[in-house]
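What you are looking at is a predicted structure, and each value in this text was computed from that prediction instead of being measured.
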Amino acid sequence: MKSRLVIRAGAVSTVLAVALLAACSGPTGTNTQNTQNNSAPASGDLKVAVVTHGTAGDAFWSVVKVGAEDAGKQLGVGVTYNSDGDPGAQAKLIDNAVSQKVGGIVVSMANPDALKTSIENAVKAGIPVITINSGGAKSAEFGAMAHVGQEESIAGEEAGKKLKAAGRTKLLCVIHEAGNTGLNQRCDGARTGFGGAVENLQVDISNPTDIEARIKAKLQSDTAVDGVLTLNPQVAVNAASAIKGAGSKAQVATFDLNADVVNSIKAGEVLFAVDQQQYQQGYLPIVMLKLFKDNANTLGGGKPVLTGPGFVDKSNVDKVAEYAKNGKR
């Protein structure tokens, strides 16, 4: 098994933040609007650009954004958040950050090859880069100093094992973003862990009505499907509704967490959520870049800093629900 560094539940990030606050008294960052693009920079002598592939209105990425901004405010780091689901547009956002001579870049790589040149140019310009969420296998190759996220194949494998243990026999794995390598890795991992029949279904995250219709149609045409694995919390809610509409007895499990999934787990509509604790994917890179600037510290030792997988089910959902209400889980 590969050696992996795991940072659990926010405890280490909190300790790091407290230590930094004790060591330096830089001004705190100003609050930013909760939008997908062009958030205003906070004050501070370190400016960090966070550039993700999140699409507008995706609750998962709003939690990443909150994590980055919280760290910025606590550490006196200026944080701007921009995102675009189109790989070419995301590359341009990275190029813009380089031209602005920021002190650090945090970037998700759903489509690593499309971002390769932009990230390598940032590194050549002397800007430290930390990758998050996806594209970890290419992170070091492109010159990034670290990767923060979860290993998608491992997380998918564990999800597949849990669904098998729950008695499921045929699984539908719903992919919501075309070209996102991490999503395919999740389904491939689930196929390995499940050990039975697993079929992929492609949907479009920007069209919830169509998502529900496609899942419903599949369940009606193939009544042997008794498990649905979604890779996004919003899609999980659509899947639960599709199951009701199809009169199916299939069970839903999902990757990632939001308040709706928490409520669905409580109601028994979602079996479990694979929690990669995306708040930490926003928070930890800001801490790491601050430590690197102030003390030449690095984390991970060449291995990814893992934020998951954790699992949320009926046994622990009440505790997690407290934080989901605050937009931090």
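Residues S241 and K244 form no side-chain contact, since every pair of their non-hydrogen atoms from C-beta on lies 4.5 Å or further apart. By the 4.5 Å heavy-atom criterion applied to side chains, M109 and H147 are not counted as neighbours. Side-chain atoms of V98 and I105, non-hydrogen and from C-beta on, do get closer than 4.5 Å to each other. The closest side-chain heavy-atom distance from V50 to K65 is not below 4.5 Å. Considering only heavy atoms from C-beta on, Y279 stays 4.5 Å or farther from V64 through its side chain. Looking at E177 and H53, their side chains come closer than 4.5 Å, going by heavy atoms from C-beta outward. Between L201 and I215 the shortest side-chain heavy-atom distance falls below 4.5 Å. Between V48 and V106 there is a side-chain heavy-atom pair separated by less than 4.5 Å.
Taking both residues in full, the closest heavy atoms of A239 and V228 are given as CB-CG1, 4.1 Å, listed atom of the first, atom of the second, then distance. Here the closest non-hydrogen pair linking A224 and K170 is O-CB, 3.4 Å. In terms of heavy atoms, Q220 sits closest to A246 at CG-CB, 3.8 Å. The two residues P112 and G135 have their closest heavy-atom pair at CG-CA, 4.0 Å. Scanning both residues, V262 and A321, for their nearest heavy atoms gives CG1-CB, 3.5 Å. Residues G85 and T55 come closest through the heavy atom pair CA-CG2, 4.2 Å.
Residues K116 and E141 are not paired through a salt bridge, judged by the lack of any N-O separation under 4.0 Å between the basic side chain and the carboxylate. A salt bridge does not link E120 with K124: none of the charged nitrogens is closer than 4.0 Å to a carboxylate oxygen. Salt bridge status for D226 with K249: absent, with no side-chain N to carboxylate O gap under 4.0 Å. Salt bridge status for K92 with D84: absent, with no side-chain N to carboxylate O gap under 4.0 Å. Under 4.0 Å is where a charged nitrogen must lie from a carboxylate oxygen, and between R186 and D256 at least one such pair does.
A donor-acceptor contact closer than 3.5 angstrom links the side chains of N200 and R191. Side-chain polar atoms of T307 and Q281 form a donor-acceptor pair below 3.5 angstrom. Defined by atom type and a distance below 3.5 Å, a donor-acceptor pair is missing between the side-chain atoms of Q280 and Q278. For the residue pair S315 and D313, a side-chain donor N or O sits within less than 3.5 Å of a side-chain acceptor on the partner. Counted by atom type alone, N297 and N295 present one or more donor-acceptor pairs between their side chains at under 3.5 Å.
Not counting sequence neighbours, the partners of K161 by the salt bridge (Lys or Arg N to Asp or Glu O under 4.0 Å) test are E157, E158.
No single ILVMFWY cluster, assembled from side-chain heavy atoms under 4.5 Å apart, contains both I205 and W61. Follow the hydrophobic side-chain contacts under 4.5 Å out from V305 and you reach I286 in the same cluster. Under the 4.5 Å side-chain heavy-atom criterion for grouping Ile, Leu, Val, Met, Phe, Trp and Tyr, V312 is not connected to Y323 through any hydrophobic cluster. Hydrophobic clustering (side-chain heavy atoms under 4.5 Å, transitive across Ile, Leu, Val, Met, Phe, Trp, Tyr) groups V174 together with I243. I132 and L257 fall into different hydrophobic clusters, where Ile, Leu, Val, Met, Phe, Trp and Tyr residues are linked whenever their side-chain heavy atoms come under 4.5 Å apart, directly or through other members.
Summarising the geometry, atom CD belonging to Q234 is positioned 8.0 Å from atom CG belonging to D260; distances are rounded to the nearest 0.5 Å. Atom-to-atom distance recorded for I154:CD1 and T192:OG1 is 11.5 Å, nearest 0.5 angstrom. Note: S99 OG to N121 CG = 11.5 Å, rounded to the nearest 0.5 Å. Rounding to the nearest 0.5 angstrom, the gap separating the CE atom in M288 from the CE atom in M145 is 6.0 Å. We find the OH-NZ distance between Y283 and K328 to be 9.0 Å, quoted to the nearest 0.5 Å. The distance from atom CD of E269 to atom CG of N263, rounded to the nearest 0.5 Å, is 9.5 Å.
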Please step through side-chain contact (heavy atoms from CB on, under 4.5 Å) for the pair D45 and K293, ending with a clear verdict. CA-CA 10 Å; D45 59 353; K293 177 182 182 295; 3.5 Å; yes

T181 and E152: side-chain contact (heavy atoms from CB on, under 4.5 Å), yes or no, with the steps? CA-CA 9 Å; T181 58; E152 303 292 14; over 6 Å; no

Please assess F292 against V287 for the test side-chain contact (heavy atoms from CB on, under 4.5 Å), listing each intermediate value before the final yes or no. CA-CA 9 Å; F292 182 72; V287 177; over 6 Å; no

Walk me through whether S108 and T52 qualify under side-chain hydrogen bond (donor to acceptor under 3.5 Å, both in side chains). CA-CA 5 Å; S108 64; T52 78; 4.6 Å; no

Could you walk me through whether L219 and T223 pass side-chain contact (heavy atoms from CB on, under 4.5 Å), step by step? CA-CA 6 Å; L219 294 172; T223 57; over 6 Å; no

Candidate pair D204 and S206, rule side-chain hydrogen bond (donor to acceptor under 3.5 Å, both in side chains), full reasoning: CA-CA 5 Å; D204 182 358; S206 64; 2.8 Å; yes

Salt bridge (Lys or Arg N to Asp or Glu O under 4.0 Å) evaluation trace for E322 with R329: CA-CA 9 Å; E322 299 176 22; R329 290 300 294 266; over 6 Å; no

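S139 places no side-chain N or O within 3.5 Å of a backbone atom of G136 that could act as its donor or acceptor partner. A donor-acceptor pair under 3.5 Å is absent between the side-chain atoms of T254 and the main chain of A236, judged by distance alone.
In the hydrophobic clustering, I175 connects to L163, L171, L183, F194, V198, L229, L231, F255, L271, F272, V274, F311, either directly or through intervening members, whenever side-chain heavy atoms lie under 4.5 Å apart.
Applying the side chain to side chain contact (heavy atoms under 4.5 Å, CB included) test between P285 and each of V129, V148, L299, T131 identifies V148 as the sole match.
Open room surrounds NZ on K325; 12 or fewer heavy atoms of other groups in view lie less than 6.0 Å from it.
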